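In this text the structure is predicted, and so the values were computed from the model without any measurement. Just so you know, these numbers use all the heavy atoms, side chains as well, and skip hydrogens, waters and symmetry mates.
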Amino acid sequence: MRTAGYPMENIKSSLCITTLFVFLICVPVRASRIGKQILEDLAIENTSSILNNLLPSSEQGIANGIQFDLIRKESLNNSQASIISPTDPFSRLLERLRKSKARVESLKKIVTIATGESSNGSNVYHELDWRSPVSSALSLGDDEYLIRLGVGTPAVNQYYLAIDTGSDITWLQCAGCSKCYSQRGPLFNPASSSSYQTISCESSTCRQMDESRCQSDRCQYAVTYGDGSFTTGDLAMDTLSSENGALKNMVFGCGHDNEGLFQGIDGLAGLGGGYLSFTSQLAGSYGRRFSYCLVNQNSPLSSSSSLIFGADAFPSAAVTTPLIYNSRIPTFYYASVTGISINGVALNIDVSKLQLTSSGSGGLIIDSGTTLTYLESSVYSALTDGFLKSAKNLRRAGGVQDLDTCFDLSGTDSSSAIPTISFHFQGGVTVDLPSSNILIEVDNKGIYCLAFSDSDFGMSIFGNVQQQTFRIGFDRDNKLLSFSSSQCK
């Protein structure tokens with residue numbers, strides 16, 4: 001990675017305010033409804049005051065942050081082998097690609113809703129979200145990376161939650177559920193925790209929702225995902241803990257009806273930018289700052305990394321670029337791409353195709369739940385053409401699913417012949433992708449494919465294959481996105 005300095009004063013505030021709904025999760029209030037003079041920082045201040053009585057307090061001895069183990073789902077020693085299926089690594093990859101494609105399709109719907117226009121020009125914002133009993137953010141996507149945490153006082157069991165920067169609600173399955181899927185260990189039992197509390201319908205959190213449902217004065221939540229999976233139950237708070245500390249009064253969903261494609265996980269940790277996300281709730285204790293490093297999928301199963309919140313989240317060697325805020329979709333984290341190059345030669349692309357527009361469309365998001373990197377159609381075409389020209393000494397192979405640029409590397413040591421792809425971000429930051437973040441092996445015969453695909457709806461996505469082995473940092477207080485290499489420790 002390379003970087004050049006940039007003036008901090010050039011990072012401008014965005015105009016926005018957001019709200020979150022129980023039964024309407026993570027839906028932005030339209031700018032026209034709140035006035036264009038309300039700044040993002042004002043919205044954040046208001047959100048903080050709403051959550052003031054719920055902000056977590058950390059145990060002593062965690063001055064610079066809190067850390068959670070981050071592991072691959074495949075590494076779990078699961079006695080119920082059928083829960084994590086399929087077990088063959090290449091079949092698992094194809095399953096990840098299928099789920100990522102579904103996630104991209106749901107992203108397409110979310111962008112259509114947020115920008116307020118359907119294909120026929122009608123406003124679908126209200127039609128799809130405001131009138132629905134539950135709303136969808138994204139398809140569940142790639143749930144290969146999990147954090148391990150304890151819940152309750154005492155924290156009797158450890159639970160494994162998939163991290164997702166495209167979601168806001170954190171939830172896990174709870175005992176007493178009417179419909180729950182099979183998971184690797186026991187369900188969380190609220191009755192066993194002395195610190196567990198349900199959120200009252202009269203609480204500030206529940207009353208701030210535009211719509212909510214009550215059951216015996218318990219505030220209810222409901223989230224559906226783009227693949228049809230859903231979770232519903234009590235909105236509650238309790239202590240969440242890791243090996244190096246505990247977070248008190250964390251708000252999460254205690255799921256009593258959880259159905260869909262959740263196999264192999266105990267729940268989900270929402271790391272998005274919304275109202276009740278993990279990161280927003282930690283703002284009072286650690287600021288809105290976190291980072292993670294995704295280990296390479298080909299690394300030993302024992303390899304693990306960490307999800308860090310607080311001052312220690314950014315390594316000293318990290319390079320930074322502005323983190324872009326989209327008031328129409330406040331959950332997502334955007335970066336400003338200024339160019340892409342192959343072997344140091346810049347691609348001839350229209351960079352505006354990678355920029356966020358005033359209507360909230362386009363742009364490039366950093367997403368932990370999407371496997372591949374999806375690029376706007378014309379940019380993707382330029383990338384594949386440029387890559388093929390630079391990789392002319394590699395043997396071509398047929399495509400696999402959505403992967404249309406593949407090579408036969410069997411019987412050869414071709415790593416040195418794999419072209420380097422570099423992403424250039426605002427502020428002079430250049431991220432050079434290693435070969436393992438460019439080509440992925442799709443079978444046991446030496447066939448590798450370019451880990452990129454076409455986005456046909458304008459938005460681009462920097463997926464988790466390209467993020468592997470980098471520590472990616474998100475600092476919403478200072479509006480910075482950071483990259484640092486070889487930081488999976």
Side-chain angles (χ1 to χ4, degrees), residues 1-4 6 10-11 100-101 104 107-108 111 115 319-326 329 332-367 370-392 394 396 399 402-407 417-440 448-468 470 472 481 483:
M1 292 177 296
R2 304 183 294 277
T3 181
Y6 64 92
N10 287 344
I11 307 176
S100 278
K101 184 175 181 179
V104 172
L107 254 174
K108 185 176 181 178
V111 171
T115 55
V319 295
T320 58
T321 183
L323 183 65
I324 310 299
Y325 181 83
N326 184 356
I329 317 177
F332 302 147
Y333 300 105
Y334 289 78
S336 179
V337 178
T338 58
I340 302 174
S341 60
I342 297 178
N343 284 345
V345 178
L347 295 179
N348 183 18
I349 59 175
D350 181 356
V351 177
S352 68
K353 299 293 186 180
L354 297 170
Q355 302 300 313
L356 185 65
T357 70
S358 59
S359 67
S361 63
L364 177 139
I365 65 171
I366 310 295
D367 185 33
T370 302
T371 303
L372 307 176
T373 284
Y374 289 79
L375 296 173
E376 186 274 337
S377 296
S378 66
V379 176
Y380 175 71
S381 295
L383 177 78
T384 54
D385 289 346
F387 192 86
L388 288 172
K389 290 178 182 177
S390 298
K392 57 186 177 182
L394 300 180
R396 292 293 305 275
D402 288 344
L403 305 176
D404 56 15
T405 306
C406 301
F407 304 90
I418 296 174
T420 298
I421 297 178
S422 302
F423 277 73
H424 308 282
F425 295 92
Q426 184 179 342
V429 170
T430 293
V431 175
D432 300 320
L433 300 180
S435 59
S436 59
N437 294 26
I438 295 173
L439 296 180
I440 52 176
Y448 288 75
C449 296
L450 191 64
F452 293 78
S453 192
D454 176 27
S455 170
D456 63 359
F457 66 105
M459 174 186 278
S460 296
I461 307 163
F462 196 75
N464 63 41
V465 169
Q466 283 65 41
Q467 297 177 48
Q468 288 177 164
F470 292 98
I472 312 293
L481 172 71
F483 296 89

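- Here the closest heavy-atom approach between residue Ile440 and residue Ala451 is recorded as CG2-CB, 4.0 Å.
- Residues passing the side chain to side chain contact (heavy atoms under 4.5 Å, CB included) test with Leu433, sequence neighbours excluded: Ile421, Phe423, Val431, Asn437, Ile438, Phe452, Phe462, Gln466, Phe470.
- When atom types are taken as modelled, the side chain of Thr321 and the backbone of Phe425 share no donor-acceptor pair closer than 3.5 angstrom.
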(Q) Quick one, Val337 with Val379, criterion side-chain contact (heavy atoms from CB on, under 4.5 Å). Give me CA distance, side-chain angles, the key distance, then yes/no. (A) CA-CA 12 Å; Val337 178; Val379 176; over 6 Å; no
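- Judged as a salt bridge (Lys or Arg N to Asp or Glu O under 4.0 Å), the pairs with a partner in residues 454-468 (not counting sequence neighbours) are, in order, Lys108-Asp456.
- Thr384 OG1 to Asp404 CG: the interatomic distance, rounded to the nearest 0.5 Å, is 6.5 Å.
- Of all heavy-atom pairs between Val351 and Thr338, the closest is CG2-O, 3.4 Å.
- The side-chain heavy atoms of Lys353 and Tyr380, taken from C-beta on, include no pair separated by under 4.5 Å.
- In this structure, Ser361 OG and Asn326 CG are separated by 8.5 Å, a value rounded to the nearest 0.5 Å.
- Under the 4.5 Å side-chain criterion, counting only non-hydrogen atoms from C-beta, Leu372 is in contact with Leu403.
- Partners of Ser336 according to the side chain to side chain donor-acceptor pair (under 3.5 Å) rule, which considers only residues two or more places apart in sequence or in another chain, are Gln355, Gln426.
- In this structure, the side chain to side chain contact (heavy atoms under 4.5 Å, CB included) partners of Asp402, at least two apart in sequence or on a different chain, are Lys101, Ser453.
- Here CZ of Phe332 is found 12.5 Å from CG of Leu364. Values are rounded to the nearest 0.5 Å.
- The OH atom of Tyr333 sits 10.5 Å away from the CG atom of Leu481 when rounded to the nearest 0.5 Å.
- Considering CD of Glu376 and CD1 of Ile461, their distance stands at 12.5 Å, rounded to 0.5 Å.
- Under the rule for a side chain to side chain contact (heavy atoms under 4.5 Å, CB included), the partners of Ser455 that lie at least two apart in sequence or sit in another chain are Tyr374, Phe457.
- Contact record, Thr373 with Gly463: OG1-N, 3.0 Å, taken as the closest heavy-atom pair.
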Q: Could you walk me through whether Ile342 and Thr420 pass the side-chain contact (heavy atoms from CB on, under 4.5 Å) test, one step at a time?
A: CA-CA 6 Å; Ile342 297 178; Thr420 298; over 6 Å; no
Q: Mind running side-chain contact (heavy atoms from CB on, under 4.5 Å) on Ile329 and Tyr334 for me, showing each step along the way?
A: CA-CA 10 Å; Ile329 317 177; Tyr334 289 78; 3.8 Å; yes
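- In this structure the side chain of Leu107 reaches within 4.5 angstrom of the side chain of Ile365, judged on heavy atoms.
- The side chain to side chain contact (heavy atoms under 4.5 Å, CB included) test applied to Ala382 returns Ile349, not counting sequence neighbours.
- The distance from atom CZ of Phe407 to atom CG of Leu394, rounded to the nearest 0.5 Å, is 5.5 Å.
- Panel note: side chain Asn343, backbone Pro419; no donor-acceptor pair is recorded below 3.5 Å.
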